[in-house]
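For clarity, every value in this text was computed on a predicted model and none was experimentally measured. Indexing begins at 1, ligand by ligand and atom by atom, following the structure's order.
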Amino acid sequence: MSAKSRISTRHSVVEGWGGYLPPNVVTNDQLAKRVDTSDEWIVARTGIRQRHIAGENERTSDLAVEAAKKALAQAGAKAEDVGLIVVATTTPDNTFPATATQVQAKLGNTTGFAFDVQAVCSGFVYALAVADNFIKTGQVDSALVIGAETFTRLLDWQDRTTCVLFGDGAGAVLLKAADGPPDRAARGVLSTHLHSDGRFKDALFVTGGPGSNKEVGVVRMNGQEVFRHAVQKLAEVVEEALSTHGLTGKDIDWLVPHQANQRIIDGMARKLGLPGERVVSTVAHHANTSAASIPLALAAAASDGRIKQGQLVLIEGIGGGLTWGASVIRW
Ligand code: UT7
């Protein structure tokens, strides 16, 4: 169903944002002491210079709570008033219950409801779409949308093709309901666009799971294949998102992409005709934090004053599944 065919008398507006990175930073040079790699290779192929790694006692829900608290404070909102908490994560604290319910408990919310969304690196776009639709249907008036990962716990530290790429962190936005349908001139989530194609599972997956071998497993990726899909599928979904509103790349104030590889980010910016100054890139400092990468980048750029209220923001991402998606937001 096209985004245009949905009729709604409400839309959701981003009222708060926040990010959290665990304090422990590991540089490329430090990694090169553990595995056969180099700072030169990692920077040239990915743009990554360092990553944050969660402490032994830090859970995904702990990271999520820190980001959520900032988003609530920024919006002047109270945790107990939030109707819905959606956590996008591929590294839940436990197989069950949902990490979102632990975030709910730690925030002191007992009246709303909470669940996880699993779409790996596209998770935040998926979670935003879910929350936006709950708001549009009138089922909730506010939603915390969180991307949180302790992704480094899925890494095989002997596999240099994956272990240099990822990091841990969390980002959150607080959505609130506003009257009227989404309108390209008004603040709010204009539309969300989601896709998946399970035929490409083997390009990027984890070797374990409770329903298969009962193990957590480790990440395996065919980097070149994922790269090819990223270039093609992200271009398609971004075109779909922009054309829904009669927009072109030039109308976008900020591209806030999933942070996997600076080369993919640069390629998308070129395609959209956007100069580097209008692209938010955190990959050098955060590495790929999976579902956390887009909300962390949003929080960084909104907090330092780059993204201003009323500006047009395009987010996009692709991840395991394969899953991919995009959204246009008037901030
Ligand atoms: O977040 C989900 C979405 N994920 C992505 O978007 C990731 C997409 N893929 C990529 O970003 C890139 O494919 C990578 C960064 C993962 C890899 O870059 P690449 O330019 O595609 O490198 P490659 O896999 O073709 O490897 C080139 C060479 C190989 O050596 P040979 O066979 O040419 O001798 C690898 O063995 O680089 C070698 N290599 C490394 N060397 C040093 C692979 N990893 C490393 C490493 N350090 N860490």
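Remark: ligand 1 and Arg160 share an N or O pair separated by less than 3.5 Å (distance only, no angle test). Between Gly223 and ligand 1, a contact under 3.5 Å exists for at least one N or O pair. Residue Ser38 places no N or O, backbone or side chain, under 3.5 Å from any N or O of ligand 1.
When only non-hydrogen protein atoms are considered, atom 39 (N) of ligand 1 lies nearest to Trp41 CZ2, 3.4 Å. In this structure, the protein non-hydrogen atom closest to atom 4 (N) of ligand 1 is Val226 CG1, 3.5 Å. Nearest protein heavy-atom contact of atom 1 (O) of ligand 1 is Asn288 ND2, 2.7 Å. The single protein non-hydrogen atom nearest to atom 15 (C) of ligand 1 is Thr46 CG2, 3.5 Å, given as residue, atom name and distance.
A side-chain donor-acceptor contact under 3.5 Å links Asn109 to the backbone of Ala79. His193 contributes no side-chain N or O that, together with a main-chain N or O of Val328, makes up a donor-acceptor pair within less than 3.5 Å. At least one donor-acceptor pair closer than 3.5 Å links the side chain of Gln30 to the backbone N or O of Thr27. In this structure, the side chain of Arg184 engages the main chain of His245 through a donor-acceptor pair within 3.5 Å.
The pair Lys308-Asp253 does not count as a salt bridge, with every side-chain nitrogen at least 4.0 angstrom from each carboxylate oxygen. With respect to the salt-bridge test (charged N to carboxylate O, under 4.0 angstrom), the residues Asp159 and Arg220 qualify. Salt-bridge annotation for Asp93 and Arg59: absent, with no side-chain N of the basic residue lying under 4.0 Å from a carboxylate O of the acidic one. Electrostatic pairing of Lys136 and Asp132 counts as a salt bridge here, judged by a charged N lying under 4.0 Å from a carboxylate O.
Checked by atom type, the side-chain pair Gln118/Thr90 shows a donor-acceptor distance below 3.5 Å. Judged by distance alone, the side chains of Asp116 and Thr89 never bring a donor and an acceptor atom under 3.5 Å apart.
Heavy-atom proximity to Gln224, at under 4.0 Å, picks out these atoms of ligand 1: 13 (O), 21 (O), 23 (P), 25 (O). Residue Val164 approaches ligand 1 through these ligand atoms, each under 4.0 Å from one of its heavy atoms: 48 (N). Close approach of ligand 1 to Arg45 (heavy-atom distance below 4.0 Å) involves ligand atoms 19 (P), 20 (O), 22 (O), 27 (C). Within the listing of ligand 1, atoms 42 (C), 46 (C), 47 (N), 48 (N) sit less than 4.0 angstrom from a heavy atom of Thr37. Taking every heavy atom of Asn261 and a limit of under 4.0 angstrom, the matching atoms of ligand 1 come to 10 (C), 11 (O), 12 (C), 15 (C). Against a heavy-atom cut-off of under 4.0 Å, His258 is close to the following atoms of ligand 1: 1 (O), 2 (C). Within ligand 1, the atoms closer than 4.0 Å to a non-hydrogen atom of Arg263 are 18 (O), 19 (P), 20 (O), numbered from 1 in the order shown. Those atoms of ligand 1 that come under 4.0 Å of a heavy atom in Ile264, given as number and element, are 6 (O).
The protein reaches atom 18 (O) of ligand 1 closely, with a heavy atom under 4.0 angstrom from it. Protein heavy atoms come within 4.0 Å of atom 36 (O) of ligand 1. Within a 4.0 Å radius of atom 29 (C) of ligand 1, the protein contributes no non-hydrogen atoms. For atom 33 (O) of ligand 1, no protein non-hydrogen atom is found at a distance below 4.0 Å.
Annotation for Glu225: atom CD counts as buried by contact number, over 12 foreign heavy atoms lying within 6.0 Å. Few gaps surround CZ on Arg306; more than 12 heavy atoms of other groups in view lie less than 6.0 Å from it. More than 12 heavy atoms of other residues, nucleotides or ligands sit less than 6.0 Å from atom CG of Asn213.
Contacts with ligand 1 closer than 4.0 Å are made by heavy atoms of both the backbone and the side chain of Phe227.
Compare Ala260, Gly317, Cys121 by their heavy atoms: the one nearest to atom 2 (C) of ligand 1 is in Cys121.
Within the 4.0 Å heavy-atom cutoff, Leu204 counts among the residues contacting ligand 1.
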